[in-house]
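All chains are named by letter (A, B, ...) in the order of the sequence lines, taking the proteins before the strands, and each is independently numbered beginning at 1.
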Protein chains: 2
Amino acid sequence: MTSSPAARNVLRAITRESVRAHVAEVAIELYAHRGFDNVTVEEVAAAAGISTRSFHRYFPAKEDTVIGDPGPWGEFVRDEFAARPAEEPLWRSLHASFDALLRAGGKQGERQKRGLRVLTSTASLRSRHIEKHLLWEGMLTPLVEARLPGLDAALRARVIVQASIVCFDVALAAWAVAGEKRSPRELLAATFDQFDIPATAGAPVRDER
Amino acid sequence: MTSSPAARNVLRAITRESVRAHVAEVAIELYAHRGFDNVTVEEVAAAAGISTRSFHRYFPAKEDTVIGDPGPWGEFVRDEFAARPAEEPLWRSLHASFDALLRAGGKQGERQKRGLRVLTSTASLRSRHIEKHLLWEGMLTPLVEARLPGLDAALRARVIVQASIVCFDVALAAWAVAGEKRSPRELLAATFDQFDIPATAGAPVRDER
DNA sequence: ATCGCGTGTGGCAGAGACTGCCACTTTAGG
DNA sequence: CCTAAAGTGGCAGTCTCTGCCACACGCGAT
């Protein structure tokens with residue numbers, strides 16, 4: 001019996017992901033102890049049992065060992081937002097979409113916390129992290145813009161979307177702090193509660209035709 | 001007549017700043033034409049008439065030719081915010097502080113616009129830019145936190161301050177877009193108007209327009 | 001069993017950003 | 001004129017990341 005090429009590719013993808021996860025785990029362990037900038041790619045590769053050349057095949061950049069690929073998660077949030085009822089206040093739709101991400105985003109364990117702590121403690125990592133989240137902005141802004149009445153929708157959509165991403169980031173960063181008892185979802189609610197979008201939350205009086 | 005060592009240092013600082021400005025101008029010119037990533041430090045240094053070694057003495061990193069040092073501006077915003085009356089709604093204080101920055105921040109000319117366009121069109125620059133603005137967050141958050149009533153002031157302060165920085169960034173980015181007619185200050189007002197902070201303000205009183 | 005093919009792997013060389021070190025020049029003050 | 005301090009640039013080296021190439025392995029087909 002010959003397994004189909006498709007099945008073979010699936011299998012390959014699975015092993016590839018497991019290797020990625022292993023390397024990332026080893027890397028974060030090293031970073032947590034000695035600092036991201038004081039650990040070379042060569043060391044991480046050696047500790048993970050692969051060559052530096054292969055390391056760069058699994059991770060285009062060193063920072064990706066900590067950050068990962070936010071693309072799929074961004075699509076998830078976007079789809080979640082698209083599925084929200086149009087009558088719902090905009091800000092609440094965004095809150096619900098990010099909340100869904102937290103619910104679906106896998107177990108939030110000690111491992112994630114360690115990654116986040118390495119992330120927030122290294123300047124270059126934080127910047128890359130934010131850059132990746134700007135990718136989310138590009139996914140969400142068109143949808144938000146379509147739901148905004150009145151003029152200047154593009155500008156306003158960008159501000160609102162970026163603010164929602166800020167809420168998400170701050171909530172997760174707060175969650176990773178040692179001693180924090182609340183869950184990510186509670187913290188997300190706390191950050192989203194800081195804002196109200198006057199143009200959309202109260203009454204959709206403005207026309208959109 | 002011997003000039004004091006202090007005066008000498010001042011003089012040196014002036015010439016140093018002028019060299020910096022010259023190099024930055026040449027660099028942005030090259031970036032605008034060929035893209036930030038496609039221009040090497042060696043080329044910029046040659047075009048500016050200095051060695052690559054000296055380039056790295058003037059600019060610790062290549063990106064600093066575009067971004068500059070936001071530290072002093074951050075202090076300005078912080079001091080401006082500290083001088084605001086405590087009874088003023090928080091969000092308006094922040095708006096006024098950033099507005100003061102725009103008023104004081106020097107001529108907003110075509111040169112600034114070109115720099116901003118290079119900045120927004122290059123992913124690595126965008127992230128670095130935001131990272132520098134996180135420095136502003138560190139300056140502003142303690143002051144904002146002190147003015148927040150209730151629990152969880154630290155978390156809420158971080159969200160609010162980061163949102164205000166987002167407003168500032170989006171406004172400036174929008175201003176740099178070709179065809180935009182409004183002034184940075186008008187755009188800043190437009191972005192800040194997107195939010196209301198329920199915990200602190202009654203109703204935002206629109207004063208302009 | 002052997003061949004061919006696709007795929008993963010690693011070594012090698014090199015580009016590019018950035019740093020430490022050192023020798024050289026310039027400048028200002030004695 | 002001499003000296004000390006500061007700026008400059010060359011050189012070598014580190015580190016991240018990429019392109020190229022040879023090699024090994026698994027697998028279906030002959």
Next item on the list: Take atom CG of B/Asn38 and atom C1' of C/dG16, then tell me their distance rounded to the nearest Å.
Entry: 12 Å
Margin query: Between C/dG20 and B/Arg53, counting only base atoms on the nucleotide and side-chain atoms on the residue, is there a donor-acceptor pair under 3.5 Å?
Written below: yes
Item checked: Nearest-neighbour nucleotide for the B/Ser51 side chain, D/dG10, D/dT18, C/dC18 considered -> D/dG10
Item checked: Nearest-Å distance for atom pair CG/P, residues A/Leu30 and D/dC15 -> 15 Å
Notebook entry, point to check: Any salt bridge between A/Arg126 and B/Glu131, counting N to O under 4.0 Å?
Noted result: no
Checklist line | First encountered from the 5' end of DNA chain D, between B/Thr52 and A/Lys62 | finding: B/Thr52
Note to self: From C-beta outward on B/Arg57, which listed nucleotide comes closest to its side chain: D/dT8, D/dC20, D/dG10?
What the structure shows: D/dT8
Checklist line | Lys/Arg cation over aromatic A/Phe36: A/Lys62, 6.0 Å, 45° cone | finding: yes
Checklist line | Whole angstrom value for the distance that separates P of C/dT25 from CD1 of B/Ile50 | finding: 20 Å
Checklist line | Closest nucleotide among D/dT8, C/dT9, D/dC11 to the A/Ser54 side chain | finding: C/dT9
Check: With a 4.0 Å cut-off on heavy atoms, is B/Tyr58 in touch with a base, just the backbone sugar-phosphate, or nothing at all?
Finding: sugar-phosphate
Next item on the list: Round to a whole Å and report the spacing from CZ of A/Phe59 to P of D/dC15.
Entry: 20 Å
Item checked: Salt bridge present between A/Glu180 and A/Arg182 (N-O < 4.0 angstrom) -> yes
Check: Rounded to the Å, how far apart are B/Phe55 CZ and D/dG10 P?
Finding: 16 Å
Check: Which nucleotide sits closest to the side chain of A/Val41: D/dT16, D/dG19, D/dG9?
Finding: D/dT16
Notebook entry, point to check: Over how many whole Å does the gap from B/Arg16 atom CZ to D/dG7 atom C1' extend?
Noted result: 10 Å
Check: When you check the gap from the basic side-chain N to the acidic O, do A/Arg20 and A/Glu25 get nearer than 4.0 Å?
Finding: no
Next item on the list: With heavy atoms under 4.0 Å as the rule, sort B/Val39 into base, sugar-phosphate or nothing.
Entry: sugar-phosphate
Next item on the list: Can you figure out which of C/dT9, C/dG20, C/dC18 approaches the side chain of B/His56 most closely?
Entry: C/dC18
Next item on the list: Take the protein atom CD of A/Glu42 and the nucleotide atom P of D/dT16, then report the distance between them rounded to whole Å.
Entry: 9 Å
Check: Do B/Glu17 and B/His22 come within less than 4.5 Å of each other through their side chains, counting heavy atoms only?
Finding: no
Notebook entry, point to check: Could you give the CD-to-C1' distance, from A/Glu43 to D/dC15, as a whole number of Å?
Noted result: 11 Å
